[in-house]
Amino acid sequence: MVRVRFAPSPTGYLHVGGARTALYNFLYARRYGGQFILRIEDTDLERSTEEAMRMQIADLKWLGILWDEGPHPESLQDLGPHGPYRQSHRKDIYRQYAERLVDEGRAYYDFRTDSELEAIKEKLIASEKPPQIEAPAQIVPPAEARERISRGEPGAIRFRVAEKRDYFVQDLVRGEVRFPSDMVGDFVLVRSNGMPVYNFCCVIDDALMKITHVFRAEEHLSNTLRQMMIYEALKFPLPQFGHLSFILGPDKQKLSKRHGATSCNDFRLRGYLPEALNNFILLSGWSSPDGREILSRDEQIQLFTHERFNPAPAVFDETKLLWMNATYLRALPTEELWARVEPFLREAGLQLPQVENVAWREQTLSAFKTSMQTLADAVPLYRLLDDSAFSVKPEAQEVCAWPEAKKVWQAWLQELRAFPGEKLSEADFLALQDRVKDLAGVKGKHLFQPIRVAVIGQPQGTEVKLLVPMMKKSSLIARAEKL
RNA sequence: GUCCCCAUCGUCUAGUGGCCUAGGACACCACCCUUUCACGGUGGAUACUGGGGUUCAAAUCCCCAUGGGGACGCCA
């Protein structure tokens, strides 16, 4: 049974890198009919917040990455038999294992102060040795140590790196990786404030939650050595590891805030579709066997295997994401697309009198979607239909200066006023345009462009024969009168 | 500094010794469609970091160099 997890630390919005790790784990679980667990790694009390945890959960939901065990997406109550799923709620569990290691001599209490440890490190560096902490000559016996701790004295628990030897992992992404044990000194398991550290919690949780495969970012590769030592000391079975390469910014540095939009929430706000972002990050470090790029969730699940991970880091290219978003957006059924676009239009405060008309939505959206790459692109397009926002744009200057323009506008207005109906169909418009042509004695672009300016105030955009049927005659007249 | 990871078009990537005069996608350029702008269609330019091996044969295996990234925390 495959059991995988995503274990974010709640210190901000969900990052695209984190989203990718979550997606890969999720797909892997679905591919092999296993379970996907969400675990919150909030042992850093300084930086973790409840608010950030909610944001991350909201982002995962938005992406459609749902978990079988973990905090309930709404209530945040533990869901599943291996809880609690927040590390800050598992302190006692960690403590128990730490004490066990102390009793077995695999770990020891360390009452040395920060400044003492600092001095030791400096001395090591001065003598050109790696600055690794080792056990003091005299270790405080467990009983005495516990006595001192219970009196409130601050003391940490350190793991004792016992023997010098090489550790090997068969990494699912990188193949065999060798770690010499002297890469690390005796490392802290439990802080002197009683809170255990990441490497320790991670091992205990993964073991207790029966995690079989750990797919995580490459930054954890060297942590794996420490974790392997803990697994060994606790006699826990080792899961399979797969270390995913980084997602980088255009400058090949690790993607961060200064690269602009990097959180899922940023992309949501900018009008990206979750399915497009999903599909895009999927392809940043993984490829499909047949080279196809646009893949439905079902296809993703069916094709997802660890053999197709790319060990090299990937640069995040928003241009391609934009293309992919446009592709998904245009493929959406109109009513669905409308549901996604509508919040952006509302946010922009546009006044669109026919907004309740389903046929009008269909008509406008199918005309506009070829010029949209993001949902936010709908706003300037629909603004053209808002009478209160109508104005002759600076780009129209040249057309307005044509001597033919005034003649065309005059005829246009005259014909509009004479038109019997309330709205013009495409055929009505074409016929009317013909009469304007005869009346003004103008043809070609000198006819066409002034009419466009009369309709939307600018010389370029969607075809006029599609635009005119979107508006009421009264709007068209009002606009023409403003020229 | 020490250790670890990585290296194919500008970018995402295919490639697991002969199918590679290196394939696809985005972006770019040209043309077509089009009385504008998009969409769409067709075509084009562009890459195996360098040097040594191994082999009849290397983008592919090995070594070295170079470059990039990561870890070396009582952060995760």
Side-chain angles (χ1 to χ4, degrees), chain A residues 7-11 41-44 46-48 87 110 112-114 117 121 125 128-133 154-158 171 173-175 177-180 182-185 187-199 201-202 216-226 243 245-248 250-254 280-281 283-294 307-308 310-324 326-327 330 367-373 377 381 395 399 443-449 452-453 458-464:
Chain A
S9 42
T11 57
E41 307 218 324
D42 54 353
T43 54
D44 183 354
E46 309 280 296
R47 298 193 305 149
S48 304
Q87 290 186 331
D110 188 351
R112 287 173 290 184
T113 62
D114 281 352
L117 294 168
K121 280 188 195 173
I125 290 168
E128 298 200 322
K129 285 180 187 151
Q132 293 169 348
I133 300 297
I157 298 177
R158 266 181 204 276
D171 191 277
V173 181
R174 283 150 217 286
V177 181
R178 183 185 70 99
F179 303 106
D182 54 14
M183 262 173 79
V184 295
F187 52 91
V188 169
L189 257 23
V190 181
R191 298 178 178 95
S192 45
N193 68 5
M195 188 55 82
V197 303
Y198 162 77
N199 278 308
C201 301
C202 185
R216 56 174 23 160
E218 189 191 332
E219 57 185 317
H220 293 294
L221 184 55
S222 39
N223 282 325
T224 308
L225 171 60
R226 289 175 179 164
H243 288 92
S245 55
F246 283 108
I247 297 183
L248 309 176
D251 56 358
K252 310 236 177 190
Q253 299 293 306
K254 211 175 145 182
F280 180 75
I281 60 179
L283 262 22
S284 224
W286 181 88
S287 60
S288 71
D290 59 5
R292 281 187 312 136
E293 298 198 315
I294 305 286
E307 278 94 16
R308 301 207 58 88
N310 185 344
V315 172
F316 190 85
D317 177 18
E318 202 175 327
T319 318
K320 186 156 181 176
L321 171 59
L322 208 51
W323 163 78
M324 193 167 278
T327 305
R330 287 173 199 140
F368 288 158
K369 70 179 176 186
T370 56
S371 12
M372 290 168 56
Q373 292 189 291
D377 289 340
L381 259 9
E395 311 92 84
V399 172
K443 59 180 182 174
K445 73 171 182 181
H446 293 277
L447 169 71
F448 202 76
Q449 293 290 63
R452 173 186 299 285
V453 170
Q458 62 187 45
Q460 40 147 277
T462 309
E463 288 181 83
V464 180

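A note on names: the letters A, B, ... follow the listed sequences, proteins ahead of strands, and every chain is numbered from 1.
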Return the value, rounded to whole Å, for the distance between atom CD of A:Gln460 and atom C1' of B:C39.
15 Å
Check whether any side-chain N or O of A:Ser284 sits under 3.5 Å from a backbone N or O of A:Phe280 as a donor-acceptor pair, and report yes or no.
no
Assign A:Ser192 to base, sugar-phosphate, or nothing according to its heavy-atom contacts below 4.0 angstrom with the strands shown.
base
Here the distance between atom P of B:G69 and atom CD of A:Glu218, to the nearest Å, is 12 Å
Is any side-chain N or O of A:Asn223 under 3.5 Å from a base N or O of B:A71, one able to act as donor and the other as acceptor?
no
Looking at B:C74, B:G69, B:A38, which one has an atom nearest to any side-chain atom of A:Ser371?
B:A38
Gap between atoms NZ and C1', on A:Lys254 and B:A76 respectively (whole Å):
9 Å
Using a 4.0 Å heavy-atom cut-off across all strands, classify A:Arg452 as base, sugar-phosphate, or nothing.
base
Anything under 3.5 Å between a protein N or O and an N or O of nucleotides 28-35 of chain B, put it in a table, one pair a line.
residue: B:U35; atom: O2; partner: A:Lys445; partner atom: N; Å: 3.0

Is a donor-acceptor pair below 3.5 Å formed from side chain A:Lys320 to base B:A25, judging by atom type as modelled?
yes
For B:C37, does OP1 or OP2 lie under 4.0 Å from any side-chain N or O of A:Thr462?
no
Touch check for A:Pro311, heavy atoms < 4.0 angstrom, all strands: base, sugar-phosphate only, or nothing?
sugar-phosphate
Would you say B:C75 has OP1 or OP2 under 4.0 Å from some side-chain N or O of A:Arg191?
yes
May I ask you to say what A:Arg112 touches in the nucleic acid, namely base, sugar-phosphate or nothing, with a heavy-atom cut-off under 4.0 Å?
base
Closest to side chain of A:Pro313, choosing from B:C6, B:A76, B:G69
B:C6
Using the side-chain heavy atoms of A:Val197, tell me which of these nucleotides is nearest: B:A76, B:C26, B:U13.
B:A76
Base B:G24 to side chain A:Glu293, donor-acceptor N/O within 3.5 Å cut-off:
yes
Sidechain-backbone polar pair: A:Ser245 side chain, A:Asn310 backbone, donor-acceptor under 3.5 Å
yes
Please name the nucleotide paired to B:G73 by Watson-Crick or G-U wobble geometry with both distances under 3.5 Å, or report none.
none
Taking syn as within 90° of 0 and anti otherwise, name the glycosidic form of B:C4.
anti
Would you mind reading off the distance between A:Leu321 atom CG and B:C12 atom P, rounded to a whole angstrom?
14 Å
Over how many whole Å does the gap from A:Gln132 atom CD to B:U2 atom P extend?
14 Å
Regarding the side chain of A:Arg330, the nearest nucleotide among B:A76, B:G40, B:A71 is B:G40
Any side-chain to backbone donor/acceptor pair from A:Gln449 onto A:Pro459? Under 3.5 Å, distance only.
yes
Can you tell me the Watson-Crick or wobble partner of B:A25, both distances under 3.5 angstrom?
B:U11
Nearest to the A:Ser284 side chain among B:C5, B:C12, B:C74, which nucleotide is it?
B:C12
Rounded to whole Å, the CH2-P distance (A:Trp323 to B:U13) equals 14 Å
For A:Gly185, answer base if it contacts any base atom (sugar-phosphate contacts may also be present), sugar-phosphate if it contacts only those atoms, and nothing otherwise; contact means non-hydrogen atoms under 4.0 Å.
nothing
Taking the C1' atom of each, how far is B:A59 from B:C48, in whole Å?
5 Å
Taking atom P of B:C72 as reference, at what distance in whole Å does atom NZ of A:Lys129 sit?
22 Å
Should A:Asp44 and A:Arg47 count as an ion pair when the cut-off is N to O under 4.0 Å?
yes
Separation of atom CZ in A:Arg226 from atom P in B:C72, rounded to whole Å:
6 Å
Tell me whether the OP1 or OP2 atom of B:G15 has a side-chain N or O from A:Arg308 closer than 4.0 Å.
yes
Looking at the side chain of A:His220, which of B:A76, B:C74, B:C4 is the nearest nucleotide?
B:A76
Which nucleotide, B:C75, B:U11, B:U13, lies nearest any side-chain atom of A:Asp44?
B:C75
Distance in Å, A:Glu218 CD paired with A:Arg174 CZ, rounded so as to fall on 0.5 Å steps
4.0 Å
Paired with B:G50: which nucleotide, if any, by Watson-Crick or G-U wobble criteria at under 3.5 Å for both distances?
B:C64
Closer than 4.0 Å, any side-chain N/O of A:Thr43 to the OP1 or OP2 of B:C75?
no
B:A30: pairing nucleotide in any strand, Watson-Crick or G-U under 3.5 angstrom
B:U42
By nearest atom, which of the nucleotides B:G70, B:A27, B:C5 is closest to the A:Val177 side chain?
B:C5
Quick check on B:G24: is either OP1 or OP2 less than 4.0 Å from any side-chain nitrogen or oxygen of A:Arg292?
no
Testing B:C4, B:C26, B:A38 for proximity to the side chain of A:Thr370, the answer is B:A38
Of the nucleotides B:C6, B:C75, B:G70, which one has an atom closest to the side chain of A:Glu219?
B:G70
